[in-house]
Each structure stands twice: as C-alpha cells, then as structure tokens.
Amino acid sequence: MKRLLLLYTGWMLALGIGLSGCYRDVIKPNLPKDPNAPPQQVSFKNELAPLFNANCTDVGCHVSGGHHPYLNTAVSYLEIVNSGYVNTALPKESILYKQIYGDMGVHIPSITDREKVYDWIRNGAPNN
C-alpha cells in the first residue's frame with residue numbers, strides 16, 4: 001500500500017511539474033492598422049524621401065532619365081505633388097497610393113511603410 005501511495009504521489013508530482021513548465025507564446029500577426037483611424041504625422045523629408053530613395057531609385061527605375069516620377073531626394077516632393085500623383089481630397093484615388101498597393105508594392109513590401117505614405121497623403125501631402 002505504501003508503495004502504491006508513493007508511486008501515485010510521484011506521478012502526481014511529475015504531472016504537476018510537467019504542466020506548470022508548459023506555456024505558449026501569443027504571437028500577434030503584423031496586421032495593418034484601422035484605415036479609418038486618424039492619420040499619423042509623417043515627415044516627407046525624414047521618412048518618405050529616404051524610403052523612396054532606398055526602394056525606388058537604388059534599383060535605377062525612378063531616377064533622372066528613368067520612369068516618372070523621379071524620386072531622387074532633391075526632386076521627389078515636387079515630382080510627386082506637382083505631377084498629379086497625389087490626390088489629397090481622395091487619398092485612395094492617388095496614383096501614388098494605387099501604385100504602392102498595386103504593381104509597385106513589391107518594392108515597398110512593408111505594410112508600415114505603405115501606411116506612412118497613405119497617412120502622409122491623408123494629412124494633405126505636406127512638404128515637411
């Protein structure tokens with residue numbers, strides 16, 4: 001009887017240790033934020049110009065003599081805004097928005113970076 005009680009206690013102890021040692025991580029996917037939330041402040045000069053420079057001009061596409069708009073840091077703002085690539089009244093109708101969420105999305109794969117561009121347009125596309 002003592003042996004059975006000892007065996008039973010040992011099994012319960014092992015089960016208790018085994019179950020208390022288990023835990024699971026909760027991994028939240030990187031989902032886009034609510035599109036109807038207020039836009040975040042985005043600096044064209046400090047955030048978007050380097051983004052375009054790194055993803056669009058380094059591959060040789062949107063540089064002088066390449067595809068319009070030219071996205072070299074010095075002229076990118078004027079090229080985007082003055083050439084009609086931005087529609088601040090209907091941001092989702094902007095050519096820039098449609099391109100980065102469409103065919104050119106492979107060059108800006110980060111959802112966070114795309115949202116920065118969208119928020120910048122929703123803020124009125126300021127030259128900041």
Side-chain angles (χ1 to χ4, degrees):
M1 183 72 171
K2 277 185 168 182
R3 188 173 176 176
L4 185 60
L5 184 60
L6 189 58
L7 186 62
Y8 177 73
T9 305
W11 277 105
M12 292 304 290
L13 183 62
L15 182 63
I17 291 172
L19 290 178
S20 67
C22 295
Y23 82 99
R24 87 188 132 141
D25 286 331
V26 177
I27 299 173
K28 295 181 181 179
N30 186 14
L31 297 174
K33 67 178 186 172
D34 179 11
N36 298 319
Q40 300 297 312
Q41 291 298 317
V42 178
S43 168
F44 185 85
K45 178 182 175 185
N46 296 327
E47 296 177 73
L48 296 187
L51 174 71
F52 294 143
N53 200 32
N55 295 305
C56 306
T57 62
D58 280 357
V59 293
C61 292
H62 291 278
V63 293
S64 296
H67 301 288
H68 278 282
Y70 300 145
L71 297 176
N72 300 342
T73 302
V75 297
S76 59
Y77 180 80
L78 295 175
E79 283 280 322
I80 292 170
V81 175
N82 293 345
S83 298
Y85 288 93
V86 174
N87 181 347
T88 56
L90 299 168
K92 288 189 177 180
E93 295 300 315
S94 297
I95 296 170
L96 180 61
Y97 175 86
K98 289 180 179 180
Q99 288 295 315
I100 65 170
Y101 279 91
D103 295 340
M104 296 296 127
V106 297
H107 300 291
I108 303 178
S110 169
I111 292 172
T112 304
D113 289 340
R114 291 182 198 178
E115 288 173 348
K116 284 180 185 179
V117 175
Y118 179 54
D119 283 347
W120 174 74
I121 297 170
R122 291 185 349 170
N123 282 324
N127 188 8
N128 54 358

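All values below were derived from every heavy atom in this structure, side-chain atoms included, with hydrogens, water molecules and symmetry-related copies excluded.
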- Message: Would the distance check show the side chain of R122 and the main-chain N or O of P91 forming a donor-acceptor pair, the cut-off being under 3.5 Å?
- Response: no

- Item | Flag, side chain of N128 to backbone of V42, donor-acceptor distance under 3.5 Å | yes

- K116 NZ to I100 CD1 distance, which is reported to the nearest 0.5 Å: 12.0 Å

- Message: Nearest 0.5 Å, please: how far is OG in S76 from CG in L48?
- Response: 8.5 Å

- Message: Grouping I, L, V, M, F, W and Y whenever their side-chain heavy atoms are under 4.5 Å apart, do V81 and L51 come out in a common cluster?
- Response: yes

- Partners passing side chain to side chain contact (heavy atoms under 4.5 Å, CB included) against H107 (at least two apart in sequence or in another chain): M104

- State which residues pass salt bridge (Lys or Arg N to Asp or Glu O under 4.0 Å) with E79; sequence neighbours excluded, sorted by chain then number. none

- Other than Y70, which residues form its hydrophobic cluster under the rule that side-chain heavy atoms must be closer than 4.5 Å? V75

- Query: Between atom CD of Q99 and atom OG of S94, what is the distance when rounded to the nearest 0.5 Å?
  - Reply: 11.5 Å

- Can you name the side chain to side chain contact (heavy atoms under 4.5 Å, CB included) partners of N82, sequence neighbours left out? L78

- Heavy-atom distance under 4.5 Å between the side chains of W120 and P39, does that happen here? no

- Query: Is there a donor-acceptor pair closer than 3.5 Å between any side-chain N or O of S83 and the backbone N or O of Y85?
  - Reply: no

- Message: Going by side chain to side chain contact (heavy atoms under 4.5 Å, CB included), name the residues that satisfy it together with Q41, two or more places apart in sequence or in a different chain.
- Response: N123

- For the atom pair CG (N55) and CD1 (I108), what is the distance rounded to the nearest 0.5 Å? 5.5 Å

- Message: Can you tell me how far apart CD1 (I121) and CG (L96) are? Round to the nearest 0.5 Å.
- Response: 4.5 Å

- Task: Sequence neighbours left out, what passes ring pair (Phe, Tyr, Trp, His ring centres under 6.0 Å) with Y97? Give chain and number order.
- Result: Y101, Y118

- From C56 atom SG to L71 atom CG, the distance as rounded to the nearest 0.5 Å: 5.0 Å

- Task: Tell me, with the steps shown, if N72 and V63 meet side chain to side chain contact (heavy atoms under 4.5 Å, CB included).
- Result: CA-CA 6 Å; N72 300 342; V63 293; 3.6 Å; yes

- Please answer: with hydrophobic residues joined when any side-chain heavy atoms are less than 4.5 Å apart, are I95 and F44 in the same cluster? yes

- Message: Any side-chain to backbone donor/acceptor pair from H62 onto T57? Under 3.5 Å, distance only.
- Response: no

